[in-house]
Every structure is written in structure tokens, then in C-alpha cells.
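Worksheet: the structure to be examined is printed underneath.
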Amino acid sequence: MQILFQLDIHGNTDHWLKEFWVQRPTSPDVKRFAEQLVEGVMTHRAELDKLIGAYASNWKVSRMPVVDRNILRAGLYELLWIPDVPAKVTVNEAIELAKRFADDETKGFVNGILDNILKTEPRLQEKRAELEREALGVKREA
């Protein structure tokens, strides 16, 4: 989240990304996942923003608070392009990020947009089916 925020503000990571990781040591798996998420969001940003904008009634993505739009971008990227992460986990993580980094209204805003996209986006049919199986008590295939 912090990397996406900085990228949104500064436009690149040339001067600070290496120092970011020095100040926040983490496991290689966590770093790899974070970098995959950031790279994916940046690669698909225009598509993500278009989709978010279509579901954010009366909101332009460019006018959303920086934190809000980046939570939505990361969550939506994870839903669309990271099949290993269950939709429920993605939405819950997005809500937790909103609780941690934004105001009280953001968690409902983020939940509503991601939930609506999850319910209607054709590319998310498998994630919807997974949620339905989970609701019925069927275990996820490994």
C-alpha cells in the first residue's frame, strides 16, 4: 500500500524503493508478492481505473483520495490477476487496509465497490464460484 501511494504521488520509485525495503525488512515471499502486486497495478492501472470508475457512482478515480484509489487498485488487481488468493481474503485485506490507512467511510466504500465488481465482472466468474462453494462448505482444491 505504501509503495502504491508513493508511486501515485511521485510517479516512479527511482530514489526511494531500495531504501523502503531496507527500512522494512521482510521475508522474500512477502517482498516478492508485494512487488508482483505493485508491478501488476502499475501495468494495468488504466484498466483498473476504468473498471473502478464504472462502479464508483459519482466519483472520478482521479478525484478519490490517494489511499482509497490504491486500496481499490490493489484489491481489484488481486481479484483479476492473482488466482491463488481467494476473493474473500482479497476483500477482507482491502477492508483492513482501509481501516488502517483511511477514514471510517472508506471501508464501506471499498467493500461496496469490490463486492459489486466481484458480483458482476465476467472475468471473476471463477472467484464467484469459489465463494459459492465456500458458502456451501466445499473445500478449496489445492
Side-chain angles (χ1 to χ4, degrees), residues 1-56 59-142:
M1 184 71 242
Q2 293 171 336
I3 295 171
L4 289 172
F5 182 92
Q6 290 296 327
L7 276 167
D8 209 352
I9 300 295
H10 300 291
N12 66 55
T13 62
D14 295 344
H15 304 292
W16 57 267
L17 187 58
K18 186 175 182 178
E19 185 63 26
F20 175 87
W21 289 120
V22 168
Q23 293 177 11
R24 293 162 188 84
T26 189
S27 74
D29 288 341
V30 169
K31 183 177 177 184
R32 195 170 19 261
F33 181 80
E35 289 175 346
Q36 174 191 4
L37 192 64
V38 168
E39 184 177 323
V41 167
M42 298 314 293
T43 299
H44 298 282
R45 191 163 106 175
E47 182 179 356
L48 294 167
D49 286 358
K50 183 177 178 181
L51 194 53
I52 292 165
Y55 285 87
W59 276 97
K60 287 186 174 187
V61 175
S62 63
R63 303 278 300 168
M64 289 177 185
V66 176
V67 169
D68 297 12
R69 72 174 164 244
N70 282 293
I71 291 170
L72 287 167
R73 286 170 176 161
L76 187 53
Y77 174 79
E78 204 170 279
L79 285 171
L80 289 169
W81 283 284
I82 304 181
D84 296 349
V85 179
K88 185 175 182 177
V89 171
T90 297
V91 174
N92 286 341
E93 287 175 353
I95 292 168
E96 288 303 314
L97 286 169
K99 287 179 186 177
R100 182 172 178 195
F101 293 107
D103 62 31
D104 288 338
E105 293 179 15
T106 299
K107 63 186 174 193
F109 180 67
V110 165
N111 185 40
I113 291 176
L114 291 179
D115 190 53
N116 284 333
I117 292 171
L118 184 57
K119 287 179 182 175
T120 59
E121 172 60 36
R123 292 177 288 176
L124 294 173
Q125 176 56 43
E126 184 54 40
K127 296 259 181 162
R128 283 192 296 277
E130 179 181 299
L131 284 172
E132 291 169 10
R133 287 189 300 270
E134 185 178 307
L136 295 171
V138 178
K139 297 276 185 196
R140 186 169 195 230
E141 293 179 22

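Atom set for the values below is all heavy atoms of this structure, side chains included, hydrogens, waters and symmetry mates excluded.
- One N or O on the side chain of Lys127 and one on the backbone of Val85 form a donor-acceptor pair closer than 3.5 Å.
- Shown here for Thr106 and Ala98, the closest heavy-atom pair between the two residues is CG2-CB, 3.7 Å.
- Looking only at distances, no side-chain donor or acceptor of Asp115 sits under 3.5 Å from a matching main-chain atom of Asn111.
- With sequence neighbours left out, Arg128 forms a salt bridge (charged side-chain N to carboxylate O under 4.0 Å, His left out) with no residue at all.
- Panel note: side chain Asp8, backbone Leu4; no donor-acceptor pair is recorded below 3.5 Å.
- Interatomic distance, CG of Leu80 versus CG of Leu118, reported as 9.5 Å (0.5 Å rounding).
- Under the 4.5 Å side-chain criterion, counting only non-hydrogen atoms from C-beta, Phe109 is in contact with Leu72.
- Counting heavy-atom neighbours within 6.0 Å of Glu19 CD, excluding the residue itself, gives a total above 12.
- Considering CG of Leu114 and CD of Glu78, their distance stands at 10.0 Å, rounded to 0.5 Å.
- The salt bridge (charged side-chain N to carboxylate O under 4.0 Å, His left out) check on Lys60 picks up nothing, with sequence neighbours excluded.
- Annotation: side chain of Arg24 is not in contact with side chain of Ile3 (no heavy-atom distance under 4.5 Å).
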In a table with atom names and distances, give each donor-acceptor pair under 3.5 Å that connects a side chain of residues 31-38 to protein atoms at least two apart or in another chain.
unit_1, atom_1, unit_2, atom_2, d
Arg32, NH2, Asp29, OD1, 2.5
Glu35, OE2, Trp21, NE1, 3.3

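- Taking both residues in full, the closest heavy atoms of Leu79 and Leu124 are given as O-CD2, 3.2 Å, listed atom of the first, atom of the second, then distance.
- Counting non-hydrogen atoms of neighbouring residues, nucleotides and ligands closer than 6.0 angstrom, the CZ atom of Arg100 reaches no more than 12 such neighbours.
- With values rounded to the nearest 0.5 angstrom, Gln2 atom CD is found 8.0 Å from Gln6 atom CD.
- Residues Glu47 and Tyr77 fail the side-chain proximity criterion, which asks for heavy atoms closer than 4.5 Å.
- Distance check: Glu96 CD to Ile71 CD1 gives 10.5 Å after rounding to the nearest 0.5 Å.
- Taking both residues in full, the closest heavy atoms of Ala56 and Ile113 are given as CB-CD1, 3.7 Å, listed atom of the first, atom of the second, then distance.
- Contact record, Phe5 with Asn70: CA-ND2, 4.2 Å, taken as the closest heavy-atom pair.
- Here the CE-CZ distance, from Met1 to Phe101, works out to 7.0 Å after rounding to the nearest 0.5 Å.
- Across every non-hydrogen atom of Val110 and Ala94, the tightest pair is CG1-CB, 3.7 Å.
- The shortest heavy-atom contact between Tyr55 and Glu121 is OH-N, 4.2 Å.
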Check against side chain to side chain contact (heavy atoms under 4.5 Å, CB included), Val61 and Arg73:
CA-CA 10 Å; Val61 175; Arg73 286 170 176 161; 4.2 Å; yes
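- In terms of modelled atom types and a separation under 3.5 Å, the side chain of Arg69 and the main chain of Ser62 share a donor-acceptor contact.
- With respect to Arg133 and Glu126, a salt bridge is recorded, a charged nitrogen being found less than 4.0 Å from a carboxylate O.
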